[in-house]
Amino acid sequence: VISSLTAILVFRTVHMLTGRNLLSWIGWFLYALIAGISPWFLIPYSDAVGIIFPILILYLYIKPQQREWLRWTLIGACFYIGLRIKPTSAIIFIAIVGVELITKLRHNVEWRKFFCALIALAATVAVIHACYTILLVPSLNININKAKAFGPIHFIKMGMNDQTDGVYLEEDVTFSASFKHRSEQDAANIEVIKNRMENYGFTGFLSFLARKALINFGSMLQYWTVS
């Protein structure tokens, strides 16, 4: 259902951007092709669930709307929920904020409407975050041990491993999980990052980044080749 709704949003978004049915159907077909052959859509994982939020945020942003506060309220809700499901959903939001700031600084705008929209966005995120932390999480009755959590440094370290070109590596997970406290985990992972950077060198690191890019944009081809 989520994938099908995403396909509709892709069609509608392309049509609003171009005004042409042919290009809209081409966009829909390319999305259907990618979704149809992607192995992730066979797994109940955050990739398949969170795919709708980036295109939904873009759709809400470019869709004509008389009430700016309503536009940014909906965008704020999609941003926060998408961020909780799949953090990469925030990329399109960051891009939109950047475009908005540049546009507002280059042109004379009604700053009153701008600040009203900003307040609506911030208030929406704050309310949903409060509901998440005060109501949703406690209702699950799960004791969360934050000391065992993997922080950003762990993922930076794992993203720099040369065995899988930055993809999931069990050895890195086991290493991070071996520490009882987050501070110890971060310190040890920083040392691993330094060692990996030294081993790569400048040209080696550029080559590694090229392989990572190939993994990111050619993951489906790689999957079928391995299969």
Side-chain angles (χ1 to χ4, degrees), residues 1-125 127-129 213-224:
V1 172
I2 292 174
S3 179
S4 298
L5 291 174
T6 302
I8 295 173
L9 288 171
V10 168
F11 180 92
R12 295 287 299 274
T13 301
V14 175
H15 192 272
M16 283 193 293
L17 289 171
T18 65
R20 300 180 62 180
N21 286 330
L22 178 60
L23 293 178
S24 302
W25 280 113
I26 291 174
W28 178 89
F29 174 78
L30 292 175
Y31 168 79
L33 182 65
I34 293 172
I37 66 175
S38 173
W40 290 109
F41 285 87
L42 302 176
I43 304 170
Y45 191 59
S46 57
D47 293 75
V49 176
I51 192 172
I52 193 172
F53 291 100
I55 188 65
L56 181 55
I57 292 172
L58 180 60
Y59 173 81
L60 292 170
Y61 177 64
I62 65 176
K63 187 179 186 298
Q65 176 61 256
Q66 292 182 344
R67 297 178 177 85
E68 281 295 301
W69 65 268
L70 178 59
R71 181 203 308 275
W72 290 103
T73 295
L74 295 174
I75 289 176
C78 293
F79 161 70
Y80 185 85
I81 297 172
L83 183 68
R84 284 294 180 180
I85 295 174
K86 194 70 176 178
T88 49
S89 301
I91 294 175
I92 184 68
F93 177 80
I94 295 171
I96 288 174
V97 170
V99 169
E100 281 292 300
L101 289 176
I102 293 173
T103 303
K104 296 295 185 293
L105 292 174
R106 291 183 59 185
H107 301 88
N108 292 326
V109 297
E110 296 185 33
W111 289 101
R112 181 174 175 275
K113 289 185 177 180
F114 173 75
F115 284 117
C116 286
L118 188 63
I119 292 171
L121 173 66
T124 302
V125 172
V127 169
I128 298 179
H129 177 70
L214 182 61
I215 293 293
N216 289 332
F217 295 102
S219 57
M220 291 178 298
L221 177 62
Q222 182 195 47
Y223 170 81
W224 291 114

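- Separating the CD1 atom in Ile92 from the CG atom in Leu56 is a distance of 11.0 Å, to the nearest 0.5 Å.
- Here the closest heavy-atom approach between residue Ile51 and residue Ile2 is recorded as CG2-CG2, 4.2 Å.
- Using cut-offs of 30° and 60° on the angle between ring planes, the pair His129 and Tyr80 is perpendicular.
- The shortest heavy-atom contact between Val99 and Thr103 is O-OG1, 2.7 Å.
- What you find for Phe79 and Ala90 is that their closest heavy atoms are CE1-CB, 3.7 Å.
- For Ser3, the side-chain hydrogen bond (donor to acceptor under 3.5 Å, both in side chains) partners at least two apart in sequence or on another chain are Tyr31.
- The backbone N or O of Lys63 sits less than 3.5 Å from a side-chain atom of Arg71, completing a donor-acceptor pair.
- To the nearest 0.5 Å, atoms CD1 (Ile75) and OG1 (Thr124) are separated by 10.5 Å.
- Around atom CZ of Arg12, no more than 12 heavy atoms belonging to other residues, nucleotides or ligands sit under 6.0 Å away.
- Once rounded to the nearest 0.5 Å, the distance linking CG of Leu17 with OG1 of Thr13 reads 6.5 Å.
- Using a 30° and 60° split on the angle between ring planes, His15 and Phe11 fall in the parallel class, below 30°.
- Side-chain contact check for Arg84 versus Ser89: every heavy-atom pair is 4.5 Å or farther apart.
- From Arg67, atom CZ reaches atom CG of Leu74 across 11.5 Å, with rounding to the nearest 0.5 Å.
- Here CG of Leu83 is found 12.5 Å from SG of Cys78. Values are rounded to the nearest 0.5 Å.
- Rounding to the nearest 0.5 Å gives a distance of 7.0 Å between CG of Leu9 and CG of Leu5.
- Residues Val49 and Lys86 form no side-chain contact, since every pair of their non-hydrogen atoms from C-beta on lies 4.5 Å or further apart.
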Test side chain to side chain contact (heavy atoms under 4.5 Å, CB included) applied to Tyr59 and Ile8, step by step | CA-CA 11 Å; Tyr59 173 81; Ile8 295 173; over 6 Å; no
